[in-house]
Amino acid sequence: MSQTENPSRGVRAVVSGTALLSSTMLAVSAANYGLNLVLARLMSPAEFGDASLAITLVLAAAVVAATLQLVASKAVASVPETAEGARHTLMRGALIAGLIVVVVMGGGAWVLADLLNTSTPWMFVLISLGLPIYFVQAVHRGVLQGQLRFSRLALTYGVEAAVRVVVVLVLVIAGLGVIGASIGILLSFVASATVARGRRVAAGERGAAVPWAVLRATVTAAVILLIGQTLMNYADLVLAKATFDPQIAGVYAAAAVLGRAVFFVSWSVVNSVFPVIASRSTSPAQRLRAIGVAIGIIAAVGAAATTAAALWGEVAITFAFGSEYAAAGALLVPYSLATSLFAVVNLLAAARVALGMAGAPILLLVAAAVQTVALVLWGTSPELLVWLQVAGTGAALIAMAALWLVRPLSRTDASAIS
């Protein structure tokens, strides 16, 4: 029976894929968080600052990786028979982007070390060498995502986290400091890329490379989506760090760490539903049903997180960070609410990207820019900073829902997803 003939298949893929990816990503996040706590105790403050910078550089590169993954997922889900051709084209793009990073970051490592006051330039060299592998890995992950191979996809995240934690701890304990941490990041990319790649494909099986012109619209929409997502997700933390007293900014950051948990779960939902929506064999009714299930999952997680924040927020903050961060408990309810609203907005925008449309990502980017301006103008306290985000994400959700009503899924013709 084909996917079109089985209306429940898309929904089952969303539910099972979300459950598997969410549990894996939560375990990965817990491992990375635990690694940061251990490193803070094993390293001097200066060394830990360098290690945090290394992690930040990887997070910045994640925008490129996420773009490659989304584009690969859509290309494979839309036209499965071109999977290897799309992979081949995107891998070339990934390698070009990676080589540019190697030249700029690796070649300019000594300048960067002086500019950013790090203990050694070699951390930049090592990380730059790992980023081409990281970008290629993202393409492989996108292919797995587009093929609904969520078990293998989840395994790549698990392997990456496991190798990173083990290698970093061993090398840091051995006295290699931030160099050991950088080597661990590099090797974690190698390990996960190996798992994501699977069997090698013979040249005769690969098929013709998909022209960049075919992928350009999806690349553009994905970049717009991820820039808007990054701006809406992290602008408040930058502003808090820049404008508040360091102690207050630290308390705010603690609230952000726990308050963003809903978004990390929601991203696994997006990863699960994206290829189902993008598939040309999925009918409009199936897409709507899959999106409805995804919204239901995010709403349930958001409601649970907000309720938990109201009942046990201060206890959770104190347990995770210590009594000096207890004031962050009062920020958790509005922060969880804002994150939950944004998670739904992000899902609806990503769904339009899966259909080859850029309107929703542009709307998300505009909403993120407007919210950032509001935070700059009126976010004079942690409480105002959080409640302004509730207002901003609420307004963005209303605007996004209006866009879906003006142009519902049933009006989407086949060319939008081919």
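Quantities reported herein were computed from a predicted structural model and do not represent experimental measurements.
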**Request:** State whether the number of non-hydrogen atoms from other residues, nucleotides or ligands found under 6.0 Å of Gln147 atom CD is greater than 12.
**Result:** yes
**Heavy-atom pair with the smallest gap, counting every atom of Pro275 and Phe150** = CG-CZ, 4.3 Å
**Message:** Any heavy-atom pair between the side chains of Gln371 and Leu388 that's under 4.5 Å?
**Reply:** no
**Asked** Are the side chains of Met232 and Leu364 in touch, meaning some heavy atoms are under 4.5 Å apart?
**Response** yes
**Residues Glu160, Val28; criterion side chain to side chain contact (heavy atoms under 4.5 Å, CB included); working and verdict** = CA-CA 9 Å; Glu160 181 181 341; Val28 168; over 6 Å; no
**Request:** Apply the test side chain to side chain contact (heavy atoms under 4.5 Å, CB included) to residues Ile295 and Ile291: give CA-CA distance (whole Å), side-chain angles for both, the deciding distance (0.1 Å), then the verdict.
**Result:** CA-CA 6 Å; Ile295 291 175; Ile291 292 169; 3.9 Å; yes
**Asked** At what distance, to the nearest 0.5 angstrom, does NZ of Lys74 lie from CD of Gln145?
**Response** 12.5 Å
**Message:** Between Thr307 (side chain only) and Ala304 (backbone N and O only), is there a donor and an acceptor less than 3.5 Å apart?
**Reply:** no
**Asked** Got Met105 and Leu131 here, is their nearest side-chain heavy-atom distance under 4.5 Å?
**Response** yes
**Prompt:** Val270 and Phe263: side chain to side chain contact (heavy atoms under 4.5 Å, CB included), yes or no, with the steps?
**Reply:** CA-CA 10 Å; Val270 172; Phe263 182 78; over 6 Å; no
**Request:** Give me the ring orientation class for Phe244 and Tyr252: parallel if the planes are under 30° apart, tilted from 30 to 60°, perpendicular past 60°.
**Result:** perpendicular
**Least distance between heavy atoms, Ser336 atom then Ala309 atom** = OG-CB, 4.0 Å
**Request:** Answer yes or no: is there a donor N or O on one side and an acceptor on the other, between the side chain of Thr306 and the main chain of Ala303, under 3.5 Å?
**Result:** no
**Prompt:** Stepwise, does the side chain to side chain contact (heavy atoms under 4.5 Å, CB included) test hold for Gln247 with Val251?
**Reply:** CA-CA 6 Å; Gln247 178 66 25; Val251 169; 4.2 Å; yes
**Asked** Any side-chain donor paired with an acceptor under 3.5 Å for Thr339 and Arg260?
**Response** no
**Prompt:** Which pair of heavy atoms, one from Val168 and one from Ala181, lies closest together, and at what distance?
**Reply:** CG2-O, 3.7 Å
**Flag, side chain of Ser128 to backbone of Val125, donor-acceptor distance under 3.5 Å** = yes
**Asked** Quick one: are Phe342 and Gln389 in side-chain contact, heavy atoms under 4.5 Å?
**Response** no
**Message:** Can you classify the ring geometry of Trp110 versus Trp122 as parallel (below 30°), tilted (30 to 60°) or perpendicular (above 60°)?
**Reply:** perpendicular
